[in-house]
Every structure is written in structure tokens, then in C-alpha cells.
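Nothing fancy with the numbering, it's 1 onward along the sequence. Treat the numbers as computed from the prediction; the structure is a model and nothing was measured.
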Amino acid sequence: MEGGSLKGVEKWTTIEVHSFLSHLGDEDPWQRYADRMLKREVTGKQLQSMSSKELQEFGLEESHANSVLDAIAKLSCIELKNFMQDQKGSAELPELLAQCEEKLKYALKDIAHDIEKMKLEKLEIELRRLLKQNDKKGSELRLQLLEQSSEIRSTLLSALKVVETIETIQTKPVKSVK
């Protein structure tokens with residue numbers, strides 16, 4: 001990044017990481033992100049190995065964390081293309097390819113994590129829908145139970161009156177007729 005030349009992300013200093021992040025978007029919140037990374041002395045190598053989740057732990061919003069990873073991936077591809085054009089057959093090529101493979105592994109982990117997160121969100125939405133549906137059915141059942149319990153209560157009260165009447169009749173002495 002210094003002097004306009006492209007330098008491998010893994011070789012960036014903390015100042016270069018700060019510069020990279022502060023130029024990715026509008027001043028706010030990118031400047032805050034850049035300042036946090038500088039304060040924690042994050043180098044290019046560390047930044048390059050971070051996942052979206054790890055970037056979010058530094059306070060980046062999910063979409064901004066993904067933007068950082070995308071920008072680093074694009075720079076790495078440009079770096080690889082330039083490197084291959086400049087130094088065909090060089091001894092550094094296998095190392096660079098290994099680094100790219102490692103970056104790809106991190107990207108795939110992030111994608112898998114995002115897919116699982118979306119699946120869980122979809123399941124949560126479906127569960128909420130079912131709970132609402134069950135809640136409506138539950139409300140209907142509670143209403144039916146209340147109506148039935150009212151009917152049963154009325155029947156029991158009527159039965160108690162009948163029993164009281166029978167007991168009253170049985171306990172009254174019978175007058176004899178002369």
C-alpha cells in the first residue's frame with residue numbers, strides 16, 4: 001500500500017491495516033473500526049486470518065465484516081495474478097497458493113456458518129408461526145373448557161339443590177293422620 005505499490009496483506013503493518021480499513025467506506029463507522037484495529041495492534045497477517053465472526057467481535061457490523069473479507073480476497077487475487085505474471089515458476093508460488101487455500105478455508109467456514117445461521121433463523125420463524133397457530137388453537141380450547149366447566153358447574157349446583165331437597169324431605173318428620 002505504501003507508494004502505490006501492492007504489498008501482500010499478510011505483510012501489512014498496523015498502520016497499513018488502519019489505512020486500509022479507514023478507506024473502505026464512509027468515514028463513520030470505518031474510521032472507528034480502523035482505530036480499534038490500530039489500538040489492538042492488528043497486523044495484516046492477523047486481519048487476513050480473521051473470520052467474519054472474529055471481525056464482528058471487534059465491533060464491525062456483519063455486512064461490514066463481510067466487506068472487509070471481500071476486499072482482502074480481491075486484493076489477494078490481484079496479488080496472486082500479478083505474482084504469477086511476474087514470477088512464473090518461482091519458489092514462492094507454492095507458499096502463496098497455500099496461503100490462498102487457507103483463505104479459502106476460512107471463507108468456506110464463514111459461508112457454512114452463515115448458511116447454518118440462515119437455517120436456524122428459518123426454523124425460528126417457522127416455530128414462531130406454529131406457536132401462534134397453536135396459541136390460537138389453545139385459546140379456542142381454553143374457551144371451550146371454560147364453557148364446559150360453566151355447564152358442569154351449573155349441573156353440579158342443580159344436583160346439589162336436588163340433594164338438599166331430598167335431604168330436607170327425609171329429615172322432616174312425617175305427621176300421622178288420625
Side-chain angles (χ1 to χ4, degrees), residues 9 17-18 20-77 100-178:
V9 176
V17 168
H18 183 271
F20 169 74
L21 290 172
S22 62
H23 289 92
L24 269 182
D26 294 333
E27 188 171 312
D28 189 54
W30 292 99
Q31 189 63 46
R32 280 186 285 124
Y33 300 155
D35 292 344
R36 277 189 206 130
M37 295 289 186
L38 183 62
K39 184 177 180 179
R40 295 188 184 173
E41 300 179 347
V42 175
T43 64
K45 187 172 185 171
Q46 292 167 322
L47 179 65
Q48 190 174 33
S49 68
M50 288 184 185
S51 66
S52 176
K53 187 175 181 178
E54 290 170 320
L55 288 168
Q56 290 174 53
E57 289 171 4
F58 271 90
L60 277 75
E61 293 177 19
E62 185 175 2
S63 62
H64 292 161
N66 291 332
S67 295
V68 169
L69 294 176
D70 288 345
I72 289 172
K74 288 175 185 172
L75 286 173
S76 297
C77 287
C100 287
E101 187 177 321
E102 192 65 25
K103 291 175 196 174
L104 183 58
K105 285 180 189 176
Y106 282 113
L108 290 174
K109 283 181 186 177
D110 282 343
I111 290 169
H113 176 265
D114 290 344
I115 289 171
E116 289 303 313
K117 185 177 174 185
M118 287 188 297
K119 285 180 183 176
L120 287 174
E121 287 171 354
K122 186 177 177 181
L123 287 173
E124 185 179 336
I125 290 167
E126 181 64 14
L127 180 61
R128 284 185 181 157
R129 185 188 68 76
L130 289 172
L131 286 173
K132 281 183 182 178
Q133 190 178 37
N134 285 340
D135 195 33
K136 286 179 185 175
K137 288 180 181 177
S139 294
E140 291 170 7
L141 288 174
R142 282 190 291 277
L143 186 58
Q144 288 175 356
L145 285 173
L146 280 173
E147 289 171 358
Q148 289 175 358
S149 67
S150 264
E151 291 172 11
I152 292 169
R153 185 174 181 217
S154 292
T155 304
L156 285 173
L157 287 174
S158 296
L160 282 173
K161 286 181 183 179
V162 169
V163 168
E164 286 176 1
T165 304
I166 292 171
E167 286 177 349
T168 305
I169 292 172
Q170 289 177 347
T171 58
K172 283 189 178 179
V174 179
K175 293 184 182 180
S176 59
V177 180
K178 291 184 183 179

If you take all heavy atoms of Glu62 and Gln56, which pair is closest and at what distance?
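In terms of heavy atoms, the two residues are closest at CG-NE2, 3.5 Å.
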Identify the two heavy atoms, one from Ser52 and one from Asn66, that lie closest to each other, and give their separation to 0.1 Å.
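Where Ser52 meets Asn66 most closely, the heavy atoms are OG-OD1, 3.1 Å.
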Between [Y] and [X], is there a salt bridge with N-O shorter than 4.0 Å?
| X | Y | value |
| --- | --- | --- |
| Asp35 | Lys39 | no |
| Glu126 | Arg129 | yes |
| Arg128 | Glu124 | yes |

Taking the side chain as every heavy atom from C-beta outward, state whether [X] and [Y] have any atom pair closer than 4.5 Å.
| X | Y | value |
| --- | --- | --- |
| Phe20 | Val9 | no |
| Val42 | Met50 | yes |
| Pro29 | Arg32 | yes |
| Val68 | Leu47 | yes |

Step-by-step salt bridge (Lys or Arg N to Asp or Glu O under 4.0 Å) determination, Lys74 to Asp70:
CA-CA 6 Å; Lys74 288 175 185 172; Asp70 288 345; 5.9 Å; no
Run the ring-centre check on His23 versus Trp30 and record whether the distance is less than 6.0 Å.
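No, ring centres 6.0 Å or more apart.
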Does Tyr33 form a side chain to side chain contact (heavy atoms under 4.5 Å, CB included) with Leu24? I'd like the steps, not just the answer.
CA-CA 10 Å; Tyr33 300 155; Leu24 269 182; over 6 Å; no
Which distance, rounded to the nearest 0.5 Å, do you find between the [atom1] of [X] and the [atom2] of [Y]?
| X | Y | atom1 | atom2 | answer |
| --- | --- | --- | --- | --- |
| Leu69 | Glu54 | CG | CD | 9.5 Å |
| Ile125 | Glu121 | CD1 | CD | 7.0 Å |
| Ser67 | Glu61 | OG | CD | 10.0 Å |
| Glu147 | Ser150 | CD | OG | 8.0 Å |
| Gln31 | Leu38 | CD | CG | 9.5 Å |

Leu55 vs Met37, test: side chain to side chain contact (heavy atoms under 4.5 Å, CB included). Steps then yes/no.
CA-CA 10 Å; Leu55 288 168; Met37 295 289 186; 3.6 Å; yes
May I ask you to decide if Thr43's main-chain N or O and Gln46's side chain share a donor-acceptor pair within less than 3.5 Å?
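Pair found, side chain donor or acceptor close to backbone of Thr43.
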Applying side chain to side chain contact (heavy atoms under 4.5 Å, CB included) to His18 and Arg36, what does each step give before you reach the verdict?
CA-CA 9 Å; His18 183 271; Arg36 277 189 206 130; over 6 Å; no
